[in-house]
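Here is the structure we will look at.
Keep in mind that what you see is a predicted model, and the values were worked out from it rather than measured.
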There are 2 protein chains.
Amino acid sequence: MTVEEVTTAPRMKAADRRELILDAATAVFGAKSYVGTTTDEVARAAGVSQPYVVRLFGTKAKLYIAVIERAYERVIGEFRQVLPGPPEERVKRMGAAYAGLLSERGMLPVIANSTALDGEPEIGPVARAGFNSIWRFVRDEAGLTEEQTRDFMAGGMLINAIVGLRLVGAYGTEQSVTEVLNACFPDAISRVRDLMPVAGEPW
Amino acid sequence: MTVEEVTTAPRMKAADRRELILDAATAVFGAKSYVGTTTDEVARAAGVSQPYVVRLFGTKAKLYIAVIERAYERVIGEFRQVLPGPPEERVKRMGAAYAGLLSERGMLPVIANSTALDGEPEIGPVARAGFNSIWRFVRDEAGLTEEQTRDFMAGGMLINAIVGLRLVGAYGTEQSVTEVLNACFPDAISRVRDLMPVAGEPW
DNA sequence: GTCTATACTGAGATAGAC
DNA sequence: GTCTATCTCAGTATAGAC
């Protein structure tokens, strides 16, 4: 018996489709960076056609901007959830929350890469704003001291680098990675261990 | 009177021309990142034709690899120069050396961005190797403790982010940047102040 | 050693049907 | 709301002259 081929994605409210595409785009941009990613790859990952992606978001740059704005908001959202706890534990718990985002495909890589995208004139300002919003949240709302804030952000940037480079298992850093995570973000390590990618593999 | 137009670059030994192009490529890649840069821009910055750049380096990816390998070597070379001094001052002096590289156009941005380029399959391994070589140098040759090494690298990554985002003058980080540099890399600040770029401007 | 001219390709974007 | 078909252009890479 012949099977009716599914040639078009099922109809869906545009807002839902948008979220679906943003998830897919986060994963693909995270794996291949902004310029290394094609709108077609995003479309296929989301199960829709390439022109439709462009249709919904206008341009590739606008799609990317939507992705990183969402990612930065997501980070702050996670951080905000730990505020109710005891202030002494905030660094620890925010670190764990950040590391926990490793489980969301592309979320951390996208943030890591956005830091290096001032080249694209539309994107630079958005990345700057996102970085600043996190910095200010950590300092002003979570109430860390200036020094704690700096160390926390530095630890985050190191995590980003390790994540961006898929640096687990590389000679000279094997045990360092564990210690890095442990030291930068106490308690994060147990959540991270199974989430870390292998060097060279997309994720 | 008519002037003879200079249409071709003066002859030069290939090795010298290579260095010239690598300098130009470092500046351009640093300003616009790997994928945002065209071989033609590099060529124009170096005062030669686009095909000649390709001719000398084979492909754009190979050119980029040459650029970042040179940059990583440069960093380690700077670090090596401080080894003769007293061990207690190494962190301080290596930090100053790193910050001093801000004066070499594109050098730090290129390193910062390479951290986010695992997407390009040829480049990822090179970036990993470079990062590892610095990590190992700092720990094994400069003799920092595991913890000092991690903090030093984290500080470097934060500097990279600040540099990559051209974050000077942004609200909420204005004084933080100064403190970051001061705290991550004592004594670096005085060398950096005049070298920091302005947000949004290429450099 | 270096250029001009050009072939080739990939990918973002548009038009318009269903 | 979503697709197919297609235009267009930028950008890498090649061929070959000087």
(message) I'd like to check the side chain to side chain donor-acceptor pair (under 3.5 Å) partners of Arg70(B); sequence neighbours left out, ordered by chain and number.
(response)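 In terms of side chain to side chain donor-acceptor pair (under 3.5 Å), with neighbours along the sequence ignored, Arg70(B) is linked to Glu19(B), Asp23(B).
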
(request) Using the heavy-atom set of chain A and a strict 4.0 Å cut-off, write down the first and last nucleotide of DNA chain C that makes it in, 5' to 3'. (result)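 Reading along DNA chain C, I get dA11(C) to dG16(C).
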
(message) Using a 4.0 Å cut-off on heavy atoms, which residues in residues 49-59 of chain B reach DNA chain C? List them by number, or say none.
(response)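 Output list: Ser49(B), Pro51(B), Tyr52(B), Arg55(B).
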
(request) Indicate yes or no: at least one non-hydrogen side-chain atom of Met12(A) is less than 4.5 angstrom from one of Leu20(A). (result)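 With C-beta onward as the side chain, the pair touches.
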
(request) Would you indicate whether the side-chain heavy atoms of Phe57(B) and Leu22(B) approach each other to under 4.5 Å? (result)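 Yes, close enough: below the 4.5 Å cut-off.
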
(request) Using atom CG of Asp40(B) as one end and atom P of dT12(D) as the other, report the distance to the nearest whole Å. (result)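 Taking atom P of dT12(D) as the reference, CG of Asp40(B) is at 8 Å.
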
(request) Ignoring hydrogens and angles, state whether a donor on the side chain of Thr37(A) or Tyr64(A) is under 3.5 Å from an acceptor on the partner side chain. (result)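 No, Tyr64(A) and Thr37(A) have no side-chain donor paired with an acceptor closer than 3.5 Å.
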
(message) When you compare the side chains of Tyr34(A) and Ser33(B), does any donor N or O come within less than 3.5 Å of an acceptor on the partner?
(response)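 Absent: no donor and acceptor within the cut-off.
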
(request) Taking only Lys NZ, Arg NE, NH1 and NH2, and the carboxylate oxygens of Asp or Glu, determine whether Glu146(B) and Arg150(B) approach each other closer than 4.0 Å. (result)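 So Glu146(B) does not pair with Arg150(B) through a salt bridge.
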
(request) Spell out, as yes or no, whether a donor-acceptor pair under 3.5 Å connects the side chain of Glu104(B) to the backbone of Leu101(B). (result)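 No, the answer is negative, given that no donor and acceptor are paired below the 3.5 Å cut-off.
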
(message) Please compare Arg17(B) and Ala61(A) by the position of their nearest nucleotide in DNA chain C and report the one closer to 5'.
(response)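 That would be Arg17(B).
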
(message) For Phe152(B) and Tyr98(B), I'd like to know if the aromatic rings sit close, meaning centre-to-centre distance below 6.0 Å.
(response)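 No; Tyr98(B) has its ring centre 6.0 Å or more from that of Phe152(B).
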
